[in-house]
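Here the structure is laid out as structure tokens; the discussion comes afterwards.
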Amino acid sequence: MVKVSVSLLAVVVDCRDPLRQAEFWAQALAYKVSRRNPDEFQVSDPAGLGGSLYFMKVPEPKVGKNRLHVDLVTSGSMEAEVKRLVQAGAQLVEVRQDPVSHDNPDTWTVMRDPEGNEFCVTSTSTVTGWQ
């Protein structure tokens with residue numbers, strides 16, 4: 001194993017309304033929102049175990065599909081989690097399923113957050129081969 005002197009601080013999301021985005025993701029993950037600077041909000045695990053998301057205001061709107069997205073997993077029903085996230089402000093895009101010929105076929109739901117950023121939701125019962 002190679003020893004490095006860096007670690008992941010946060011995933012930063014550019015957005016038009018950072019507080020709204022931070023509040024949505026805090027609700028989605030049961031995290032807390034902290035204001036760091038004007039129009040900049042950190043969403044972090046209150047237990048200090050999970051990584052952080054950081055939302056900062058930018059003048060331009062989102063254009064095109066994300067090149068990086070968040071995957072959420074629930075130990076419960078994927079459908080129930082999707083319903084909860086829709087009630088919190090997300091949009092359901094579609095349910096996708098890998099071909100059974102894949103080594104680790106998964107089923108997941110593609111969604112969009114309030115500003116249109118794509119993310120996926122799956123369940124421990126619909127995802128395979130993760131360690």
Side-chain angles (χ1 to χ4, degrees):
M1 177 183 285
V2 176
K3 191 168 182 144
V4 297
S5 61
V6 298
S7 60
L8 183 65
L9 176 64
V11 175
V12 179
V13 181
D14 293 346
C15 48
R16 300 293 297 252
D17 188 343
L19 180 57
R20 179 176 179 222
Q21 287 292 92
E23 288 173 341
F24 168 79
W25 282 102
Q27 184 176 354
L29 298 169
Y31 277 17
K32 65 178 182 175
V33 176
S34 303
R35 180 183 174 273
R36 285 201 63 245
N37 290 307
D39 292 322
E40 295 182 8
F41 299 89
Q42 181 180 4
V43 175
S44 58
D45 181 355
L49 301 174
S52 291
L53 296 173
Y54 193 79
F55 299 91
M56 58 190 305
K57 187 171 186 162
V58 296
E60 65 277 353
K62 177 186 180 298
V63 178
K65 185 181 180 303
N66 300 3
R67 295 292 301 217
L68 173 74
H69 70 267
V70 176
D71 281 359
L72 306 179
V73 63
T74 179
S75 58
S77 157
M78 180 175 67
E79 294 79 8
E81 187 61 24
V82 166
K83 183 178 179 181
R84 184 183 76 83
L85 292 168
V86 166
Q87 291 172 342
Q91 175 189 8
L92 183 140
V93 176
E94 66 183 346
V95 177
R96 295 185 182 170
Q97 187 169 17
D98 287 328
V100 294
S101 61
H102 279 195
D103 292 339
N104 294 291
D106 298 325
T107 301
W108 67 98
T109 302
V110 179
M111 304 189 76
R112 289 190 185 105
D113 73 13
E115 288 202 7
N117 299 300
E118 295 86 4
F119 67 98
C120 297
V121 177
T122 192
S123 169
T124 54
S125 65
T126 62
V127 68
T128 62
W130 284 92
Q131 298 178 16

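We use all heavy atoms of the structure for the numbers below, so side chains are in, but hydrogens, waters and symmetry mates are not.
Here the side chain of D17 pairs a donor or acceptor atom with the backbone of R20 at under 3.5 angstrom.
Checking D106 against Q97 by side-chain atom types alone, no donor-acceptor pair falls below 3.5 Å. A donor and an acceptor atom, one from each side chain of Q42 and S52, are located under 3.5 Å apart.
Classification of E81 and R84 as a salt-bridged pair holds, one side-chain N sitting under 4.0 Å from a carboxylate O.
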*After noting the C-alpha distance and the side-chain angles of Q87 and K83, does the key distance pass the side-chain contact (heavy atoms from CB on, under 4.5 Å) rule?*
CA-CA 6 Å; Q87 291 172 342; K83 183 178 179 181; 3.8 Å; yes
*Begin with the C-alpha distance, continue with both residues' side-chain angles, and end with the deciding distance and a verdict on side-chain contact (heavy atoms from CB on, under 4.5 Å) for N104 and D98.*
CA-CA 8 Å; N104 294 291; D98 287 328; over 6 Å; no
*For side-chain contact (heavy atoms from CB on, under 4.5 Å), just list the numbers for E115 and R16, CA-CA rounded to whole Å, side-chain angles, deciding distance to a tenth of an Å, and then say yes or no.*
CA-CA 8 Å; E115 288 202 7; R16 300 293 297 252; 3.6 Å; yes
*Apply side-chain contact (heavy atoms from CB on, under 4.5 Å) to F55 and L53, showing your working.*
CA-CA 7 Å; F55 299 91; L53 296 173; 3.7 Å; yes
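The closest side-chain heavy-atom distance from Q21 to F41 is not below 4.5 Å. Side-chain contact check for E118 versus K65: some heavy-atom pair is nearer than 4.5 Å. Side-chain contact check for V93 versus R112: some heavy-atom pair is nearer than 4.5 Å. A 4.5 Å side-chain heavy-atom check between M111 and L85 finds at least one atom pair inside the cut-off.
Residue pairs that meet the ring-ring contact (aromatic ring centres under 6.0 Å, His included) test with at least one member in residues 60-111, sequence neighbours left out, do not exist here.
Annotation for G76 and S123: closest pair O-OG, 2.7 Å, computed over non-hydrogen atoms. For the residue pair Y31 and G51, the shortest heavy atom distance occurs at CE2-O, 3.2 Å. Closest approach of C120 and V110 over heavy atoms only: SG-CG2, 4.2 Å.
Cluster membership check: V127 does not share its hydrophobic cluster with V82, using side-chain heavy-atom separations under 4.5 Å among Ile, Leu, Val, Met, Phe, Trp and Tyr. Cluster annotation: V70 and V12 are assigned to distinct hydrophobic clusters (Ile/Leu/Val/Met/Phe/Trp/Tyr, side-chain heavy-atom contacts under 4.5 Å, transitive). In this structure, L29 is a member of the same hydrophobic cluster as V13, with clusters built from ILVMFWY side-chain heavy atoms closer than 4.5 Å. In the hydrophobic clustering of this structure, V86 groups with F24; members are Ile, Leu, Val, Met, Phe, Trp, Tyr whose side-chain heavy atoms approach within less than 4.5 Å, directly or through other members. Clustering ILVMFWY residues whenever any of their side-chain heavy atoms sit less than 4.5 angstrom apart, transitively, puts L68 in the very cluster that holds V121.
In this structure, the separation between CG on D39 and CG on L19 is 9.0 Å, given to the nearest 0.5 Å. Going from atom SG of C15 over to atom CG of D113 covers 8.5 Å, rounded to the nearest 0.5 Å. Going from atom NZ of K32 over to atom OG of S44 covers 4.5 Å, rounded to the nearest 0.5 Å. Interatomic distance, OG of S125 versus CE of M78, reported as 8.0 Å (0.5 Å rounding).
F119 is linked by a ring-ring contact (aromatic ring centres under 6.0 Å, His included) to W25, counting only residues two or more places apart in sequence or in another chain. For T122, the side-chain hydrogen bond (donor to acceptor under 3.5 Å, both in side chains) criterion is met by T126, not counting sequence neighbours.
The environment of K57 atom NZ is sparse: at most 12 non-hydrogen atoms of other residues, nucleotides or ligands sit within 6.0 angstrom. Other residues, nucleotides and ligands contribute at most 12 non-hydrogen atoms within 6.0 Å of the CG atom of D103.
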